[in-house]
Amino acid sequence: MKTSRGEDSFVNLPAFAAKLYDSMMQSDATQMQYKEIAQDLVSRIGNGRLLDIGTGPGHLLHEIHKLNPNIELYGLDISNSMVEQASRNLADIKVDLLCGNIRATNYKSDYFDLITCSGSFYLWDNPIESLEEIHRILKFGGAAYLYETHRDIDKQKLWQKMKENLKGDNLIRKFLAPRFFIKQIGMTYAKQEIIEIIAKTKFANSSKIEEITIFNLPVWLRVKLEKCA
Ligand SMILES: C[S@@+](CC[C@H](N)C(=O)[O-])C[C@H]1O[C@@H](n2cnc3c(N)ncnc32)[C@H](O)[C@@H]1O
């Protein structure tokens with residue numbers, strides 16, 4: 001019987017798997033994806049505290065830092081080996097990295113100006129409690145932006161676009177990356193399911209979901225959740 005959406009498999013992720021994931025995410029195409037998300041986020045925050053949930057190897061935080069080194073960066077991940085990989089990748093940057101589950105954190109209430117995550121929400125076993133926790137730790141007037149792929153998309157079209165994106169890349173990544181991404185998309189929510197989850201949280205009346213294209217891939221949702229005063 002399936003008991004977890006996927007977060008369980010990350011709790012004891014071996015170090016080699018975190019390294020493999022890290023190296024898969026080094027392709028030019030994926031780095032462009034982080035750059036585009038970072039640009040979008042940095043345009044929405046002056047300075048202040050930013051938390052990346054499910055930060056993995058920390059590539060998004062790195063891109064955000066390059067664009068605005070004054071933003072105070074925080075990264076949370078349920079996997080200790082991912083946190084260790086992020087510490088290595090971000091060794092030259094001041095960043096507060098923590099191993100933990102977004103369902104219940106030790107961050108202070110009303111603490112973050114902006115909270116984000118990319119490709120992590122779909123794995124959370126308790127999405128409603130986790131969104132309530134995000135609401136608690138966000139400042140009033142602050143917002144969370146979740147960048148998530150959704151499964152109600154045209155997989156053939158996605159395959160084609162991914163091939164174009166990976167044209168200049170090495171053979172291993174050309175082989176592995178599209179298969180990994182398509183498998184991941186199969187596990188994600190349909191847009192309507194996300195709407196129904198949000199409707200059960202304190203963000204029910206302050207959310208906006210947009211279908212967006214990130215680095216040529218028209219498979220993304222940007223979920224904006226505002227904490228209103
Ligand atoms: C597919 S990876 C994405 C990593 C990173 N955001 C990126 O874009 O490269 C998903 C990450 O979410 C983390 N994760 C899953 N469930 C979590 C939870 N409940 N709380 C915090 N992190 C979680 C996993 O350990 C993993 O590192």
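Each residue takes its place number in the sequence, starting with 1. Numbering of ligands and ligand atoms starts at 1, following listing order.
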Can Glu133 and Thr105 be counted as having a side-chain donor-acceptor contact under 3.5 angstrom?
yes
Establish, from distance only, whether the side-chain atoms of Tyr74 and Tyr111 form a donor-acceptor pair under 3.5 Å. yes
Do any nitrogen or oxygen atoms of ligand 1 lie under 3.5 Å from a protein nitrogen or oxygen, and which ones?
{"from": "ligand 1", "atom 1": "6 (N)", "to": "Gly54", "atom 2": "O", "distance (Å)": "2.7"}
{"from": "ligand 1", "atom 1": "6 (N)", "to": "Ser118", "atom 2": "O", "distance (Å)": "2.9"}
{"from": "ligand 1", "atom 1": "6 (N)", "to": "Ser118", "atom 2": "OG", "distance (Å)": "3.2"}
{"from": "ligand 1", "atom 1": "8 (O)", "to": "Ser118", "atom 2": "O", "distance (Å)": "3.4"}
{"from": "ligand 1", "atom 1": "8 (O)", "to": "Ser118", "atom 2": "OG", "distance (Å)": "2.9"}
{"from": "ligand 1", "atom 1": "9 (O)", "to": "Tyr21", "atom 2": "OH", "distance (Å)": "3.0"}
{"from": "ligand 1", "atom 1": "9 (O)", "to": "Tyr34", "atom 2": "OH", "distance (Å)": "2.5"}
{"from": "ligand 1", "atom 1": "12 (O)", "to": "Ser120", "atom 2": "OG", "distance (Å)": "2.9"}
{"from": "ligand 1", "atom 1": "19 (N)", "to": "Glu7", "atom 2": "OE1", "distance (Å)": "2.8"}
{"from": "ligand 1", "atom 1": "19 (N)", "to": "Asn101", "atom 2": "OD1", "distance (Å)": "2.9"}
{"from": "ligand 1", "atom 1": "20 (N)", "to": "Ile102", "atom 2": "N", "distance (Å)": "3.2"}
{"from": "ligand 1", "atom 1": "22 (N)", "to": "Ile78", "atom 2": "N", "distance (Å)": "3.2"}
{"from": "ligand 1", "atom 1": "25 (O)", "to": "Asp77", "atom 2": "OD1", "distance (Å)": "2.5"}
{"from": "ligand 1", "atom 1": "27 (O)", "to": "Asp77", "atom 2": "OD1", "distance (Å)": "3.3"}
{"from": "ligand 1", "atom 1": "27 (O)", "to": "Asp77", "atom 2": "OD2", "distance (Å)": "2.7"}

Scanning both residues in full, the closest heavy-atom pair of Ile78 with Asn101 reads CD1-ND2, 3.6 Å
Of all heavy-atom pairs linking Met25 and Gln31, the shortest is O-NE2, 2.8 Å
With the side chain counted from C-beta on, respond yes when Arg179 and Met162 share a heavy-atom pair under 4.5 Å apart, and no when they do not. no
Side chain to side chain, Lys139 and Lys227, heavy atoms closer than 4.5 Å:
no
